[in-house]
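Input: a single structure, listed below in structure tokens.
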Amino acid sequence: MTVRTRVAPSPTGDPHVGTAYMALFNRVFAKSQGGRFILRIEDTDQARSSAASEQAIYDALRWAGLDWDEGPDIGGDFGPYRQSERLEIYRRHADRLLESGAAFRCFCTQERLDEVRRAQQSRRETPRYDGHCLALDPHEVAARVDRGEPNVVRLRVPEEGDCRFEDGLRGEIVIPWRQVDSQVLVKSDGFPTYHLAVVVDDHLMQISHVLRGEEWISSFPKHQLLYHAFGWPMPAHYHLPLLRNPDTSKLSKRKNPTGLNYYRRSGYLPEALLNYLGLMGYSMPDERELFTVDEMTAAFDLNRVSTGGPVFDLAKLDWMNGHYIRALTPGQFMDRVADWALNRDNLSPIAPLVQTRTERFIDILPQVDYLLGERAKLTAADFEHKTLSVEDCRRILDHAVRRLETLDDWQRDALYTAIKSLADAMDIKMRDFLSPLFIAVSGRAVTLPLFDSLAYLGRDLVRSRLRSAIEALGGVSKKEGKRLERSYRALV
Ligand code: GLU
């Protein structure tokens, strides 16, 4: 058997360190077995997926050196590798499930489903579909479909007993069927959900081993039902541990930078990042901490993956990155610094801004310090303003983070429009509104134009600077966070 593994990111938002983590283990395992590593783009959530985000995934994984043998951009024998191009395949498979009775059409309205959920919650039951459309007469179903009545396709789930399955890392897992919902497999817009698409694709792409995050364990019973319904053998499944913040909560951008671009832009070497990720839930047979991906591949042993939640510790990553940097020869060091940022491509967006403000070349570096370097550490005193209080500054920064989070187009003009409309909605003069932003982003009150700076820095660095500025202003308690969320929602 040829070992075939895959990583299957959804192109929504910025490429995540979790994607690199999954790609690393899948790639290392496949290569250790002489197998193939596949990249599949899971873009069935049309509202949230974007071509820019897909491109960003390619760029980030290639930067990390995690290249793939088959994928949407390079093709392969099992394509298409982009789920939105496989709708016909899912439709055919959904029809098979409807014919065999493994799935059924459901016409319930959102209002009805909400009501059922509320009633279940008030009885303290696990919310799940109540089986309302299971017993519909097939003629009635056909007539309603012919009339064009909106419907979804749901999975039929046993009422009684337990689902048992083998996880390659965790042994037998038992989940009572009562806890498993009649999952929607095809949405009313005809798009499949993750659950149908992942099973169909893993089978048709001949994936032999699925290494994915532990958050999918609870979905496994649904997938098992689907494999059985299709009469397909199941790939081996290994649910890897989730990366965690130092407080052991799930790694989240609220507490740690999670965007791969943050690490790239900050000047982490990909080999250091991969080495660090290789230590997450894994140790080399000789327990050494410093190793390359090739060394990890040569010695890889799936049995050495542990399931305790590994903590993604920035201080340790910094130490490791410093080690890799110091191990470079002077020539390599200069090349790597140039690759990182000091090159024509990277400098060209800011060069025109700087040129018009420069009398002597010696004036250049002080203007771009915060764009190419870390910005200075801040204290609340840095934000002092004649009309804005500390609370005002926190609210402005908090709302700016929330607004920028959902901005798809990270270009200067789009950034300006988003911030301007937020300032208007908050009834704060733009001039005042920008003051804490300037300081949070650059550490200074006078800088190159702010919106060019935001565009240049990118979402990940901007987010982390705004967040650390909020901390410098005293931080936000849980209670205040809730209040800010409400106040933001009322504006947009
Ligand atoms: N699209 C899923 C995700 O983004 C993939 C999960 C899987 O590997 O099955 O996490």
Side-chain angles (χ1 to χ4, degrees), residues 3-30 35-50 53-58 60-61 66 68 70-72 78 80-87 90 155 165 167-170 173 183-185 187 191-227 232 234-244 250-253 258-260 277 280-281 302 305 307:
V3 167
R4 292 173 56 84
T5 65
R6 56 29 171 216
V7 69
S10 298
T12 55
D14 306 323
H16 196 277
V17 277
T19 298
Y21 176 51
M22 289 302 147
L24 173 68
F25 277 80
N26 275 283
R27 190 179 187 286
V28 162
F29 174 63
R36 290 170 76 78
F37 169 59
I38 287 107
L39 171 64
R40 181 169 73 225
I41 292 291
E42 300 208 328
D43 59 347
T44 55
D45 185 344
Q46 283 292 286
R48 294 179 58 229
S49 299
S50 75
S53 168
E54 180 178 318
Q55 187 59 47
I57 291 172
Y58 300 149
L61 289 180
L66 294 167
W68 44 97
E70 299 165 30
F78 299 85
Y81 294 91
R82 191 182 284 113
Q83 288 187 330
S84 59
E85 292 167 14
R86 301 173 62 80
L87 298 183
Y90 307 127
L155 177 66
F165 60 94
D167 177 302
L169 303 177
R170 295 156 203 265
I173 296 184
Q183 178 64 47
V184 173
L185 300 174
K187 295 175 273 187
F191 273 72
T193 56
Y194 163 71
H195 305 278
L196 176 63
V198 75
V199 167
V200 169
D201 288 350
D202 283 344
H203 175 72
L204 295 180
M205 295 181 185
Q206 295 184 14
I207 301 302
S208 60
H209 296 72
V210 173
L211 278 61
R212 63 180 175 187
E214 69 180 298
E215 72 269 35
W216 299 110
I217 292 178
S218 60
S219 301
F220 191 88
K222 300 167 188 172
H223 302 174
Q224 190 194 55
L225 284 177
L226 289 171
Y227 279 103
W232 294 337
M234 292 191 68
H237 278 71
Y238 300 79
H239 290 94
L240 298 177
L242 283 178
L243 303 180
R244 304 203 169 258
K250 176 179 161 195
L251 187 70
S252 69
K253 59 189 171 202
T258 55
L260 280 171
L277 289 175
M280 298 283 97
L302 255 182
V305 176
T307 53

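As the structure lists them, so they are numbered: ligands from 1, and atoms in each ligand from 1.
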| query | In chain order, what residues pass the side-chain contact (heavy atoms from CB on, under 4.5 Å) check against Pro72, with sequence neighbours excluded? | reply | Leu39, Ile41, Glu54, Tyr58, Tyr81, Arg82
| request: To the nearest 0.5 angstrom, please state how far the CG atom of Asn26 sits from the CH2 atom of Trp68. | output: 13.5 Å
| said: According to side chain to side chain donor-acceptor pair (under 3.5 Å), does anything in residues 9-21 pair up with another residue at least two apart or in another chain? List the pairs. | reply: Asp14-Arg459
Could you tell me, for ligand 1, which of its N or O atoms are under 3.5 Å from any protein N or O, listing the pairs and their distances rounded to 0.1 Å?
{"from": "ligand 1", "atom 1": "1 (N)", "to": "Ala8", "atom 2": "O", "distance (Å)": "2.8"}
{"from": "ligand 1", "atom 1": "1 (N)", "to": "Ser10", "atom 2": "OG", "distance (Å)": "3.2"}
{"from": "ligand 1", "atom 1": "1 (N)", "to": "Glu42", "atom 2": "OE1", "distance (Å)": "2.6"}
{"from": "ligand 1", "atom 1": "8 (O)", "to": "Arg6", "atom 2": "NH1", "distance (Å)": "2.5"}
{"from": "ligand 1", "atom 1": "9 (O)", "to": "Arg6", "atom 2": "NH1", "distance (Å)": "3.4"}
{"from": "ligand 1", "atom 1": "9 (O)", "to": "Arg6", "atom 2": "NH2", "distance (Å)": "2.9"}
{"from": "ligand 1", "atom 1": "9 (O)", "to": "Tyr194", "atom 2": "OH", "distance (Å)": "2.5"}

| said: Test of understanding: with side chain to side chain donor-acceptor pair (under 3.5 Å), list the residues that count as partners of Tyr194, not counting sequence neighbours. | reply: Arg212
| said: Using ring centroids (six-membered ring only for Trp), state whether Phe165 and His237 fall under 6.0 Å. | reply: no
| query | What is the ring orientation for His195 with His223, classed by angle as parallel under 30°, tilted 30 to 60°, or perpendicular over 60°? | reply | tilted
